[in-house]
Amino acid sequence: MDRFSFLNAAHSQLIEDLYQQYLKYPDSLEPSWKAFFQGFDFALETYDGVSEASSAPSSAAVSVVAPASAGGEIPDDIRREFKVLDLINAYRHRGHLFTKTNPVRERRTYAPTLDIENFGLSQADLSKKFNCATEIGFSQAETLQTIIQRLEKVYCDSIGVEYMHMEQVEEKEWVKKWLQVNENHPQLSAEEKIEILHKLNQAVAFENYLHTKFVGQKRFSLEGGESLIPALDQLITRSSQLGVDEVVLGMAHRGRLNVLTNIFGKSYKQIFSEFEGKEFEEDVFSGDVKYHLGSTTKVKTASGEEVAINLTPNPSHLETVASLVMGISRAKIDHKYKGNYSKVLPIVIHGDGAVAGQGIVYEVAQMMLLDGYKTGGSVHIVVNNQVSFTTNYLDARSSTYCTDIAKVTGSPVMHVNADDVEAVVHAIRFAAEYRAKFQKDVYIDLLGYRKYGHNEGDEPRFTQPNLYKTIAKHPNPREIYKNLLSQENVLSDEVLKEMESKFKALLDENFDASKEIVKNTMDIFMNDEWKDYPLCKRGALQQPVDTSFDLETLKELAVKMSTLPKDKKFINKINRLFDNRLKQIEANTLDWALAEWLAYASLLSEGKGVRISGEDVERGTFSHRHAVLKTEDHEEEYIPLRQISDSQFDIYNSHLSEYGVLGFDYGYAMASPNTLTIWEAQFGDFVNGAQIIVDQYLVAAEEKWKIQDGLVMLLPHGSEGQGAEHSSARLERFLTLCANENIIVGNFTTPANIYHALRRQLKFPFRKPLVVMSPKSLLRHPKVVSSFEDLAQGSFQPIIDDATAEASKVEKLVLCSGKLYYELLAKKEELGREDVALVRLEQLYPIQQDKIEEIFSKYSNRKELVWAQEEPENMGAWSYILRNFRDQNIQVVAPVPSGTPAPGSHKMFEKNQNDVICRVFGVNDAPTQRPVTA
């Protein structure tokens, strides 16, 4: 593009030549020209950072330009052209600060303004014509007055646009041209306007009806932001025209009931019945409040396309659901749509306080272009009430806008007056088209208000009396739009009244019908993916599962994935590691890493998928996995497990996030029951940063929302002298959360058991989350080996008995879990103690009742029953064990209670660990253990 094409032909070549000279030899220019180019900063601001100087000017060109520049002054008409150009640029950069986007407040003031005097122009210039009018879409020179009128319409009306922060020139140019069509205003047919009013009427009338019939009940009303409903309707319609077949939507509670009824088609009578607080049909499920529930359905858009839409269930923990939406969407893209990102549209609806205040928003935003987590772009809609609970926006953020997170990823933002529903629709169509073209995130800031308090029982005038005086007098968006359409003669008053009365009659009919419902039915979320996986019946986790595999095939897989290609060069350590694996295979002594690999390989060969993600998972934090190898010369990736099957094997190093990534992977598993989905913590205690996902989804989703999920969490856990931070994955927390067979918690001690536990996840006829606490030190422990026969012909062992103990000689039965077993075993062998039996609880929850009863019966001559743990007495499994064996007169051997999981001193760690071991065997004058009797 000729950057000076708006100038007349006589001057454009001169300016172009001078600019090229300025780029290469700035000091050779006459000072006024040099200052001119510096001040306007064409290369970075006006022209999007593109340097078009293809080469240094020739000496001949310089000699021609030099005399021309020696004249000194820049011609006045050229100066004014560039001043107008600077004005245009200011509207693009800062026009959003001077819009009519706030329906109930005066805007904050910003300086400098866009007054022409701030750009060296005067009122006398308004009638003058300027060639740079072509920069904003005019075909010829126009007066400054006309230029300003267009700039005001494009950048300062009901929509404020932020896009000049975007780094990609192509995207910025596309946005610029899109905005200039119809001066950033929609051109809608009468039919489109009537449809918009219809959706707006549904939204407003539904909220009014609830307010009348269920006075004071929490519903988290959408009043003040009702234009969200026509916005979503239009977003789904336009996106379907652009190729989207499925929508995954996540939102918090405000407006959720309106979305459920008027977008997802949930019956009004069902909503009304839920307001009555009736029980759900399934007594086994505790259920959840109505504004947390999800839904899955198919809708036909106004243009005739059929779209599957999913509303993800969510807790009250704001923004958490965004990570699940991304994971669900990616799973559908990977499996249902074979990698076609254009087929699934993730939509996240935020609150203004939450999008600015919650850290997970940043974690999710950073997923936009990451290979393991991208979804082809998301549409973010902020229902901006301007009040976070009771907090004014000035106290809720330091940034100018709640949507300033968009600048992190270079995403465009449209700030829209929620009272101007046509502007809202226009902005939504922009979002659909931008996302479809560039597969990146886009943000819509829907600036409205909240008619009532945070909930309908709250009094907002306590903290915002003046704002709520204004809101009390403010007409709702339907009334505003009705008046507009009446003025435009699109609809008569009679037709408008008929539309309202018909919808009111429909609501009355549904309200009466709701009284006949005895028990409520819970909507099922994403039932298509789960039609072959009925919910687990109580006791099903106690039943054995066949996880066997053909022995010869398993050996073949082991050799194939452990043999490196001859035509690729790897570093020597990699070569030695894989040579050692081949030696393990030959010796039939498989370590942890090889058993884990074989679990994946066997599932892949059976047509299942495997996805692993987390920090440093490709090689493994402790360098045991090496699932992704890099060639020494070109860093080409080689993934052995992709060489054995066409089934999906994906493994991704995540960004440094626990909360967002665990939520993503939980969502991925939620939509992909035929894939073994694994999230691995770099250290087990890092799960602390994602506790909300554990508490609100992992352990509770099935009871609250009838959702199954087979996510595996690998949390290296165990006291190994690394201090308080990397010793404990907080086993006690998980065991406290266990109930009704909601999850599986294990601390496995053999390669065979990790192999069978992983395979069992996809062999169950249902899905349950699995939490694995096995520690780092077992990865290379010389005794931690299994044979091919253990893997191929064995099965998962929830409890492992002491194979060396003679029951009649055992006086002390010691129950333990995890790596402590091997330390106790070493001491037992050292002391030659035949009176002690060491029994491992591999699966801590649920405890295998028939197996534990067999153990207690076998060692009926015992005099003592002990639970031994390396965690402090107030942590670990002890409280859980005591609850379950309170009738067994069980005692505990553990370090003293502590506020931290482990000491910082390595010597103190060794002392504590040795103390526990010695106390188990009653040697070395260790302090007497304290009996605890239930």
Side-chain angles (χ1 to χ4, degrees), residues 96 99-108 156-162 184-186 188 193 195-208 220-235 251-252 254-259 262-263 347-356 379-388 393 396 401-403 413-432 442-452 454 460 464 467-468 470-485:
H96 57 86
T99 57
K100 306 176 185 71
T101 51
N102 200 319
V104 291
R105 293 189 201 237
E106 290 296 321
R107 282 210 63 137
R108 284 182 282 179
C156 296
D157 201 1
S158 292
I159 300 176
V161 190
E162 289 186 277
N184 198 22
H185 285 66
L188 301 172
K193 293 185 177 189
E195 177 61 23
I196 291 168
L197 179 63
H198 173 64
K199 298 307 291 185
L200 201 53
N201 180 60
Q202 286 182 334
V204 172
F206 177 70
E207 295 291 358
N208 289 343
F220 297 101
S221 133
L222 188 58
E223 287 165 276
E226 294 99 330
S227 55
L228 174 68
I229 299 304
L232 283 175
D233 182 63
Q234 289 286 319
L235 179 56
M251 66 183 299
R254 183 159 308 283
R256 191 180 189 87
L257 298 181
N258 216 311
V259 169
N262 295 317
I263 297 296
I347 304 172
V348 184
I349 300 175
H350 309 266
D352 52 310
V355 76
V379 175
H380 299 265
I381 303 174
V382 180
V383 179
N384 190 341
N385 303 306
Q386 309 186 60
V387 181
S388 302
Y393 68 92
Y401 295 111
C402 62
T403 51
V413 183
M414 280 197 164
H415 307 279
V416 196
N417 189 324
D419 275 358
D420 187 341
V421 67
E422 290 191 3
V424 171
V425 167
H426 189 62
I428 281 293
R429 290 179 176 178
F430 166 83
V442 57
Y443 291 74
I444 303 296
D445 179 13
L446 198 60
L447 203 71
Y449 55 91
R450 190 180 67 197
K451 186 172 182 180
Y452 303 106
H454 177 68
Q464 286 91 16
L467 173 63
Y468 275 87
T470 303
I471 289 173
K473 302 172 187 175
H474 194 76
N476 67 51
R478 180 188 65 183
E479 299 307 308
I480 294 170
Y481 197 49
K482 275 171 52 179
N483 293 335
L484 176 64
L485 295 191

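Note that the structure is predicted; figures quoted are calculated from it, not measured.
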When rounded to the nearest 0.5 angstrom, what distance separates [atom1] in [X] from [atom2] in [Y]?
X      : Y      : atom1 : atom2 : answer
Asp419 : Glu479 : CG    : CD    : 11.5 Å
Phe206 : Glu223 : CZ    : CD    : 10.5 Å
Met414 : His426 : CE    : NE2   : 5.5 Å
Leu188 : Glu195 : CG    : CD    : 12.0 Å
Leu228 : Leu222 : CG    : CG    : 5.5 Å
Tyr481 : Glu422 : OH    : CD    : 3.5 Å

(request) Assign the ring pair His415 / Tyr401 to parallel, tilted or perpendicular, where the plane angle (0 to 90°) is split at 30° and 60°. (result) parallel
(message) Walk me through whether Val383 and Met251 qualify under side-chain contact (heavy atoms from CB on, under 4.5 Å).
(response) CA-CA 10 Å; Val383 179; Met251 66 183 299; over 6 Å; no
Do side-chain atoms of [X] reach the backbone of [Y] as a donor and acceptor pair under 3.5 angstrom?
X      : Y      : value
Tyr449 : Asn102 : no
Asn384 : Asp352 : no
Gln386 : Gly448 : yes
Lys199 : Ala231 : no

Any [X] side-chain heavy atom under 4.5 Å of [Y] side chain:
X      : Y      : answer
Arg429 : Pro186 : no
Asn208 : Arg478 : yes
Leu235 : Ile444 : no
His380 : His350 : yes
Asp157 : Lys100 : yes
Pro460 : Val387 : no
Val424 : Ile196 : no

Which atom names give the shortest non-hydrogen contact between [X] and [Y], and what distance separates them?
X      : Y      : value
Tyr468 : Tyr452 : OH-O, 3.1 Å
Pro103 : Asn417 : CB-OD1, 3.6 Å
Ile428 : Gln234 : CG2-C, 4.0 Å
Ala418 : Leu446 : CB-CG, 4.0 Å

(message) Please determine whether side-chain hydrogen bond (donor to acceptor under 3.5 Å, both in side chains) holds for the pair Asn476 and Glu207, giving the CA-CA distance in whole Å, both sets of side-chain angles, and the decisive distance to 0.1 Å.
(response) CA-CA 11 Å; Asn476 67 51; Glu207 295 291 358; over 6 Å; no
(request) Can you spot which of Ser158, Pro477, Ser227 makes a side chain to side chain contact (heavy atoms under 4.5 Å, CB included) with Val421? (result) Ser227
(request) Starting from the C-alpha separation in whole Å, work towards a yes-or-no answer on side-chain contact (heavy atoms from CB on, under 4.5 Å) for Ile229 and Leu200. (result) CA-CA 7 Å; Ile229 299 304; Leu200 201 53; over 6 Å; no
(message) side-chain contact (heavy atoms from CB on, under 4.5 Å) for Gln202 and Asn258? Distances and angles first, verdict last.
(response) CA-CA 9 Å; Gln202 286 182 334; Asn258 216 311; 5.8 Å; no
(message) Evaluate Val416 against Ile159 for side-chain contact (heavy atoms from CB on, under 4.5 Å), listing each step before the verdict.
(response) CA-CA 5 Å; Val416 196; Ile159 300 176; 4.1 Å; yes
